[in-house]
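For reference, the structure is listed below as structure tokens.
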Amino acid sequence: MERRTDIGPPHYTKFLPPVIQKNYGKWKYHEGVRPGVMVHVAESGDKLYTIRAASPRLLSVQKIRQYCDLADKYCDGYLRFTSRNNVEFLTTKEENIEPLIAELEAMGHPVGGVGRAISNIVHTQGWIHCHSAATDASGIVKSVMDDLIDYFTGKKEVPGKLRIALACCLNMCGAVHCSDIAILGIHRRPPKVMPNLAQMCEIPNVVAACPTAAIRPAKVDGKDTVEIIEEQCMYCANCFSVCPALPMADAELDGVSIWVGGKVSNARSQPMFSKLAVPYLPNNPPRWPEVGQTVRKIVEIWVEHAEPDERLGEMIQRMGWPRFFRLAGIQFSKEHIDDYRYAALSLKRTAQVHQA
Amino acid sequence: MERRTDIGPPHYTKFLPPVIQKNYGKWKYHEGVRPGVMVHVAESGDKLYTIRAASPRLLSVQKIRQYCDLADKYCDGYLRFTSRNNVEFLTTKEENIEPLIAELEAMGHPVGGVGRAISNIVHTQGWIHCHSAATDASGIVKSVMDDLIDYFTGKKEVPGKLRIALACCLNMCGAVHCSDIAILGIHRRPPKVMPNLAQMCEIPNVVAACPTAAIRPAKVDGKDTVEIIEEQCMYCANCFSVCPALPMADAELDGVSIWVGGKVSNARSQPMFSKLAVPYLPNNPPRWPEVGQTVRKIVEIWVEHAEPDERLGEMIQRMGWPRFFRLAGIQFSKEHIDDYRYAALSLKRTAQVHQA
Amino acid sequence: MAEGKKYVTPKLDELEKGPWPSFVKEIKAAAQKSPMAAALLGQLEQSYDEKIGHWKHGGIVGVVGYGGGVIGRYSDLGDKYPEVAHFHTIRINQPAGWFYTTEALRGLCDIWEEHGSGLTNMHGSTGDIIFLGTTTDQLEKVFSKLTALGFDLGGSGSDVRTPSCCNGMARCEWACYDTMKVCYNLTMAFQDEIHRPAFPYKFKMKMAGCPNDCVAAIARADLSIIGTWKDEIQQDDEMIKKFADEGLDIQRQIVSRCPTRCMDWDGKKLTINNENCVKCMFCINSMPRALAPGKERGAMVLLGAKAPIVQGAQLSSVLIPFIDLEDEESWNDLKQLLENIWEVWCEEGKNRERVGEFALRVGFGNFLEAIGLEPRPEMVAYPRDNPYVFYQTAKKE
Amino acid sequence: MAEGKKYVTPKLDELEKGPWPSFVKEIKAAAQKSPMAAALLGQLEQSYDEKIGHWKHGGIVGVVGYGGGVIGRYSDLGDKYPEVAHFHTIRINQPAGWFYTTEALRGLCDIWEEHGSGLTNMHGSTGDIIFLGTTTDQLEKVFSKLTALGFDLGGSGSDVRTPSCCNGMARCEWACYDTMKVCYNLTMAFQDEIHRPAFPYKFKMKMAGCPNDCVAAIARADLSIIGTWKDEIQQDDEMIKKFADEGLDIQRQIVSRCPTRCMDWDGKKLTINNENCVKCMFCINSMPRALAPGKERGAMVLLGAKAPIVQGAQLSSVLIPFIDLEDEESWNDLKQLLENIWEVWCEEGKNRERVGEFALRVGFGNFLEAIGLEPRPEMVAYPRDNPYVFYQTAKKE
Ligand code: SRM
Ligand code: SRM
Ligand code: SRM
Ligand code: SRM
Ligand code: SF4
Ligand code: SF4
Ligand code: SF4
Ligand code: SF4
Ligand code: SF4
Ligand code: SF4
Ligand code: SF4
Ligand code: SF4
């Protein structure tokens, strides 16, 4: 057989259920049916039910086949995944909803995350696959979602959407930098300079990689290498990305930081970056209880204080950061005050202040 | 007589009319009386009328004495100036208002600028006193205010406050950088390097003065001097501030730029910087008609479109910059797009767009 | 494949408990058949014990003729866990919108069970199907089976990364253009750019059908295409009244939260000043049947989003305020724009400089000039607020 | 002084026309008595002809024992206009709030008629009385007469610049602290710092009685003191009703424009959620008798405003969110804070680096530490949004 290249992905129409093919671009509205289930109604009157189930994203082929079994049974062999890595079952048959949900739940895949709910955590590789990770991804996600499950399934009501994301290092694979709550793995030790650096990496490249000029060429025992001006290092790990001989990971000092108030959608407010809430929590596997507690606390503040469909960041803007920090019981510290490129603009440059 | 130093200014209480001394800190409310006149009512019931008159700020001692004559006649010898350089006559006698106004107007000092009105233009020295000026100050101010007089006197109604300021060079003495409409003198030619530079200035200081590194040490005919990398110069004149041997002024290229949408108060919106509207208008003394027309046009747009008490910048945010540029008939150009330190943040980083 | 060595994993076992689906269960399921998955459990448990990862920087591995699509990965405990000494991932270009037939999915599973760990990510953050963990010698086999199934690799390295999109017109009433079509067509148009890295750095594209941006395009894609409309919001006054009757406080909950305050509600009738509407979607989201995007629909094109390394994160910013994307012409315009951008960026961009960083370094105005776009006020949140203008005329004179 | 030479000034004469008071008339009036003012007309007309200024960089001139207060100025057409060959200005510290008796003003006029051009600025942008144009030999004479009249020089150069303030409690119901008293007291407390430049650059102070900021303190003063309050807005429901009855659309014009949407209006009663109110003054401004600042009044202290040269303009940002300023203790705190700021800035600031630029260069958090203030969330618009934290603990370990 000839070796085929550059064929690209299969054409999406092959994978669309007939009801979608028919009503493509002709949907009229949607409604919630029950937690985790919505119906889209087409101009033609056709209805499409979506049942959204939790997925750990890291799936075995065995599990994918189980999904397929369900889709074959209830959905004429069609299913999809979402941009937050949930799995969605698509059917025109209302009567299929309940039995499908029952099977999903029996399999350990709760249904939820639609509408006003906390959906899946977008996350990254962590210790499962990445050399750069300052923490694990899947373990924290599992622990946090176990804790927040009622907000996913709709057992507990929430004011709107709240998006959680996790990235295991500052590279921030995903949208951690624009999430309502972001969990971010951090290093807190300057890179170690390995003795074989000059063999593995080009010193000028390494020096140039550092945004704060914390790296400079040096000679040790007559050999070319680099040295780190430790006070100038802010642990971005860009040098390590460029050169493996500058490892950052540290069993004691690595950990997790928590960020809040980001968003992506343009509804009401413009997209916003996540802001630092908690500068450091320890790596405490397997369940990272400090992370879970912090996230839950923040979620609870949001549930209590947000207006309908108000995102966390919008709520904080309205109530003020001072009150948020008070409610969350987080000590405001020097770390919270920006000192990077746009620091000037992060200061309170107005007399509009939330007085205590 | 012993030489007295460091005595500071006279104590302000000496200069306060008795009604103020009595009701100091005990004012209850104020009201407009007629254009240019307001009354403050104290808790005690006492009333203080303020009559605000236009001033060119540049005053001869003769004029000041005329003010004094009026203040003696109608205000028991008290008067004050405002933070926008108007003169205010203070009286408890309502019956004094009309005759005082009549005399002021006869003197050529129209009364106005209070409440919803366009007040005096805050401005600087220009060709009258400063070495740095790229345009004159007083001449433009006079011409623009002649044109806008009805908005000052209240003959024409306006939606709220609109603050105009002028600075004759980028040093921006005053609050040009935060004004509804700012008129700013600009140079558009890189500094000329005078042959005597090395005698007058220290070359390292001169080099360090340039924020864009457009200046570097050079030798000409064996003499130390500097050279200017012209493409890198953005005409800030900081080098000239530091070293007189780098003059910037140019009869043909100097001129005026127009900025809009700044504010200082914290009412509703936070303080805002003024934004570039028109990058360049020529110096056209004695009346700078291009400047006057541009300012009037912008004022008229504001008068037509603003909500009550809506500042120009707030209005533009609401209607969008595209519409503002269209209404004003100003061509949007490369110059309008920021390329300085915080340029990234000035871009439209949202899908919230005012579509044409 | 035979079952692998069994490791004692008390810490990981903890993560089998609880209501959320467990990734540990998934690894254990795979480990039933894959010694690689079994070894992964062992190494991961050690990481949980030691609080540190055990993967080394990847080397360059891949399939013949492709520069991207595979992430090389090696364990630093290869002696202890030889099955994961090599543990590369393969990125497979997902179908637009992440729709599948069970048939296609089963095909993928079969390939991966035979040639890899049996573990996947459905999906990676960029959007790819991720096959998690295999050895170099398996790559070609996987590749040839994938193409036989109709799939191809996605991007990695300094190339066009696998484009992704929201489900758009397939299942959403708000899609203002056909995200899946645009995603597919761009993917097909730039196969070479996806598979053979030749850029200064990665280049990502994402398409969202409306400003809700359900693929986070504005935060994560160098090129973000976001649907919008030009004309008036479609309004069904009957339905609005119904919302009001059912208890929605339209004044407080909707009108006063509109970002441009361009709505009025007199208790009976909603009046939208569409000229000031910035198409944020909020009112439409809140009253699904009552309001809908206008009829003159299309998209805007934004440039430059990226994560923070190393100059700080960027959001994409408007490059084309409105483009139809249905007709041939606008489609060609878009492709031409991309070619122009890449040309300029490849010419002058520094190594590891994302296009958004590049545009800012050279000045956004200069960048526009270089790629042949006219400056427009829709491109800025506000015009410059500093007086440091590089007046050109003066220099030429 | 005798009348000066008469110049033909057709361009300037144009500016005598029109309704706005004419500065040319003022110069001409002065020129009746002052040859200097007459020569100024000549030189200015030439500038109008040539479209260029004719002043040279100033040299160092001043009165004995003072380093500031006089701006030296020389004409580059000294041969042609010898009367303005030297044309220095004197900055005189205005009385707080710019209140005068006619007696004091006449005194000032007499001095200036005798020893200068007879031209003034009432006032300069910083707030000083500006005596515009004299020669070096007149300076001491002016100074001794000024002090005899009870006046003193203001600042110039790298010193504390003449503080200025809004009229505050003297004539405004919204003043939350006594701006004129604070202005006067700070001026008196720092006479040495005003008169003898010893800083890296200028340092300005301005006091506004409430967030309306009628002296533009937040835009123009290194230290901006702005009045505010802590408790609830004072509310007179009768008066509010009156506004409504008189046609104010409270919902549309007030409530929905509150920056934190913390008000509710049910058609009869206004309810303010004061916890979320940011004291912007808007609703109070709009309904003067009906609403008023709370009773627990004081001020906030902000740092760092400046014009754009050369790093770009800055607005002041919050340093102390709330300070009473009535009691001795808070007054001493404020002075101590200033001393601390100056000490750190003088020690480590670069030449021509304003304190706000300095604080940003060293990092605002580090700056706070150095001046002995605790970080507080009121100081930021938002906490950092980039992950580049200089974690201290780690470094110490
Ligand atoms: C399925 C999915 C798109 C896909 O192609 O996969 C999707 C689908 C819909 N989104 Fe979304 N959104 C999806 C990810 C997103 C994302 C991206 C993300 O989370 O990473 C965003 C941006 C989030 C952000 O701002 O940080 C997003 C912001 C929205 C919004 C705006 C919410 C807001 O007020 O800020 C709406 C409107 C609403 O909910 O009122 C929306 C509304 C919808 C609607 C109702 C649109 C429709 O009529 O079909 C869909 C059902 C949503 C639901 O879950 O309630 N969708 N939506 C994604 C489901 C993810 C999941 O599994 O939970
Ligand atoms: C006299 C003066 C203070 C002084 O000590 O000299 C003053 C006095 C008052 N101001 Fe002011 N403001 C004065 C300069 C300012 C400035 C500074 C400036 O213009 O450079 C500002 C900030 C302007 C800006 O934001 O750019 C200022 C922003 C305000 C505001 C907020 C307006 C807004 O909505 O943004 C108010 C409230 C209002 O008008 O509703 C206000 C209100 C007032 C009130 C009504 C306060 C009162 O109850 O007495 C006073 C009468 C004002 C009037 O003219 O309508 N005053 N006011 C200044 C008169 C200048 C002049 O001659 O026109
Ligand atoms: C697999 C994936 C995470 C995941 O678990 O989903 C991933 C994994 C890696 N990313 Fe990423 N990135 C992944 C999506 C992202 C995203 C999100 C996106 O594409 O929507 C981002 C943020 C958006 C962006 O591109 O800026 C992202 C920003 C980065 C960065 C920072 C780039 C920057 O300019 O700031 C790096 C560092 C680098 O390029 O050297 C990086 C580097 C890496 C590397 C290659 C590690 C490295 O330093 O070489 C990671 C390989 C991990 C591994 O061993 O498997 N990854 N990376 C995602 C790709 C899966 C897929 O193809 O579907
Ligand atoms: C007289 C005055 C303008 C006026 O007509 O009102 C003035 C005049 C000069 N200013 Fe100014 N500044 C004056 C208020 C301001 C203000 C406004 C204020 O103080 O509220 C500012 C903006 C706020 C600030 O300080 O940033 C201001 C920002 C500057 C700057 C830019 C400083 C910066 O850090 O960006 C310079 C340049 C310099 O310092 O080298 C400057 C420099 C100058 C010099 C000394 C020219 C120079 O480069 O040496 C001017 C002398 C003119 C002359 O010959 O009379 N002047 N200057 C104002 C002082 C009068 C007074 O004492 O009352
Ligand atoms: S966030 Fe960092 S550690 Fe995690 S997958 Fe991306 S590059 Fe690897
Ligand atoms: S981690 Fe970042 S800041 Fe530290 S040395 Fe490396 S590149 Fe520089
Ligand atoms: S703005 Fe410039 S030219 Fe005008 S007075 Fe100030 S320093 Fe002089
Ligand atoms: S004017 Fe400014 S940019 Fe130009 S050379 Fe001088 S200091 Fe540099
Ligand atoms: S981005 Fe818009 S069109 Fe796409 S799925 Fe989300 S709501 Fe629908
Ligand atoms: S789409 Fe947004 S901006 Fe437009 S009317 Fe609705 S809420 Fe307002
Ligand atoms: S700043 Fe406030 S207190 Fe001072 S005059 Fe203006 S309104 Fe009154
Ligand atoms: S003062 Fe401002 S923030 Fe406070 S209630 Fe009034 S309008 Fe709202």
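In what follows, every chain begins at residue 1, and chains take the letters A, B, ... in the order their sequences are listed.
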Intermediate values then yes/no, side-chain contact (heavy atoms from CB on, under 4.5 Å), D:W174 and B:H30: CA-CA 10 Å; D:W174 295 327; B:H30 73 278; 3.5 Å; yes
Determine whether D:W98 and B:S83 satisfy the following criterion, side-chain contact (heavy atoms from CB on, under 4.5 Å), listing intermediate values before the conclusion. CA-CA 8 Å; D:W98 301 290; B:S83 64; 3.7 Å; yes
Applying ring pair (Phe, Tyr, Trp, His ring centres under 6.0 Å) to B:H131 and D:Y74, what does each step give before you reach the verdict? CA-CA 9 Å; B:H131 66 288; D:Y74 305 91; over 10 Å; no
Take D:K181 and B:Y12 through the test side-chain contact (heavy atoms from CB on, under 4.5 Å) and record every step on the way to the result. CA-CA 8 Å; D:K181 184 169 121 194; B:Y12 54 93; 3.1 Å; yes
Would you sort out whether B:E307 and D:R252 count as a salt bridge (Lys or Arg N to Asp or Glu O under 4.0 Å), showing the intermediate values? CA-CA 10 Å; B:E307 294 187 6; D:R252 188 175 159 73; 3.0 Å; yes
Stepwise side-chain contact (heavy atoms from CB on, under 4.5 Å) check, D:L108 with B:I64: CA-CA 10 Å; D:L108 290 168; B:I64 298 174; over 6 Å; no
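Under the 4.0 Å criterion applied to side-chain N and carboxylate O atoms, D:K11 and B:D136 are not assigned as salt-bridge partners. Between D:E140 and B:R3 there is a salt bridge, with a side-chain nitrogen of the basic residue lying less than 4.0 Å from a carboxylate oxygen of the acidic one.
A donor-acceptor pair is defined here as one N or O able to donate and one able to accept, closer than 3.5 Å; such a pair exists between the side chain of B:K142 and the backbone of D:W20. At least one donor-acceptor pair under 3.5 Å links the side chain of D:D152 to the backbone N or O of B:I7. Proximity of a side-chain donor or acceptor of B:R341 to a complementary backbone N or O of D:G312 within less than 3.5 Å is not detected. In this structure, the side chain of B:S60 does not engage the main chain of D:G118 through any donor-acceptor pair within 3.5 Å. Judged purely by atom type and a 3.5 angstrom limit, B:W27 uses its side chain to pair as donor or acceptor with the backbone of D:A170. Judged purely by atom type and a 3.5 angstrom limit, B:N238 has no side-chain atom pairing as donor or acceptor with the backbone of D:V310.
Both the backbone and the side chain of D:L315 come within contact range of chain B, with heavy atoms under 4.5 Å apart. For D:R196, the part lying near chain B is the side chain, with the backbone staying farther off; criterion is any non-hydrogen pair under 4.5 Å. Contacts of B:Y24 with chain D are made by both backbone and side-chain atoms, with heavy-atom separations under 4.5 Å. In this structure, chain D has no heavy atom under 4.5 Å from any part of B:N205. Looking at B:H177, the atoms closer than 4.5 Å to chain D (heavy atoms on both sides) all sit in the side chain, from C-beta outward. Within the 4.5 angstrom heavy-atom criterion, no atom of D:V24 approaches chain B. Neither the backbone nor the side chain of D:D13 comes within less than 4.5 Å of any heavy atom of chain B. Interface remark: D:C172 contributes backbone atoms only to the contact with chain B (heavy atom separation under 4.5 Å). The contact between B:C178 and chain D is made entirely by side chain atoms (from C-beta outward), counting heavy-atom distances below 4.5 Å. Within the 4.5 angstrom heavy-atom criterion, only side-chain atoms of B:Y340, from C-beta onward, approach chain D. Within the 4.5 angstrom heavy-atom criterion, only side-chain atoms of B:L48, from C-beta onward, approach chain D. Heavy-atom distances place the side chain of D:L44, and not its backbone, under 4.5 Å from chain B. For B:I128, the parts sitting under 4.5 Å from any heavy atom of chain D are the backbone and the side chain alike. Using a 4.5 Å cut-off between heavy atoms, B:H123 contacts chain D through its backbone alone, with no side-chain atom that close. Neither the backbone nor the side chain of B:C169 comes within contact range of chain D; no heavy atom of the residue lies under 4.5 Å from a heavy atom of that chain. Contacts of B:E105 with chain D are absent, with no heavy-atom separation under 4.5 Å from either backbone or side chain. Only the backbone of D:Q314 comes within less than 4.5 Å of a heavy atom of chain B; no side-chain atom from C-beta onward does. In this structure, chain D has a heavy atom under 4.5 Å from the side chain of B:M38, while its backbone stays farther away. Only the side chain of B:E31 comes within less than 4.5 Å of a heavy atom in chain D; its backbone stays farther off. Heavy atoms closer than 4.5 Å to chain B are found in the side chain of D:L40, but not in its backbone. Within the 4.5 angstrom heavy-atom criterion, no atom of D:V84 approaches chain B. Proximity to chain B involves both the backbone and the side chain of D:N167, based on heavy atoms less than 4.5 angstrom apart. Proximity to chain B (any heavy atom under 4.5 Å) is shown, for D:M122, by both the backbone and the side chain. Residue contact with chain D, scored on non-hydrogen atoms closer than 4.5 Å, involves the backbone and the side chain of B:F240 alike. Interface remark: B:E43 contributes no atoms to any contact with chain D (heavy atom separation under 4.5 Å). Neither the backbone nor the side chain of D:K25 comes within less than 4.5 Å of any heavy atom in chain B.
B:P9 places none of its side-chain heavy atoms less than 4.5 Å from the side chain of D:Q94. You'll find the side chain of B:D6 reaches within 4.5 Å of the side chain of D:H195, heavy atoms only. For the pair B:D69/D:R106, a side-chain contact is recorded, criterion being any heavy-atom separation below 4.5 Å from C-beta on. Residues D:N121 and B:H129 fail the side-chain proximity criterion, which asks for heavy atoms closer than 4.5 Å. Proximity of D:F99 to B:L90: side-chain heavy atoms (C-beta onward) are separated by under 4.5 Å at one or more points. Inter-residue side-chain proximity for B:P110 and D:P21 is flagged as met; some heavy-atom pair is nearer than 4.5 Å.
Taking each heavy atom of D:G18 and B:D146 in turn, the nearest pair found is C-OD1, 3.4 Å. For the pair D:C280 and B:R268, the tightest heavy-atom approach, listed with the atom from each and the gap, is SG-N, 3.4 Å. Summarising the geometry of B:D250 relative to D:I52, their closest heavy-atom pair is N-CD1, 3.8 Å, with the distance given to 0.1 Å. The shortest non-hydrogen separation linking D:A216 to B:V264 is CA-CG1, 3.4 Å. Taking every heavy atom of both residues into account, B:Q62 and D:A30 meet most closely at OE1-CA, 3.9 Å.
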Got a list of side-chain donor-acceptor pairs under 3.5 Å for residues 123-130 of chain D, not counting sequence neighbours?
from   : atom 1 : to     : atom 2 : distance (Å)
D:H123 : NE2    : D:Y100 : OH     : 2.6
D:D128 : OD1    : D:T162 : OG1    : 2.6
D:D128 : OD2    : D:T162 : OG1    : 3.2

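Interatomic distance, B:R65 CZ to D:T102 OG1, rounded to the nearest 0.5 Å: 12.5 Å.
In terms of the side chain to side chain contact (heavy atoms under 4.5 Å, CB included) criterion, residue partners of B:S269 (sequence neighbours excluded) are, by chain and number, B:K263, B:M272, B:E314.
Within 6.0 Å of CD in B:Q21 there are more than 12 heavy atoms belonging to other residues, nucleotides or ligands.
Counting only N and O atoms by type, the side chains of B:D309 and D:Q253 include no donor and acceptor under 3.5 Å apart.
When each of D:L146, D:T101, D:N285 is checked for heavy-atom pairs under 4.5 Å with chain B, D:T101 comes out on top.
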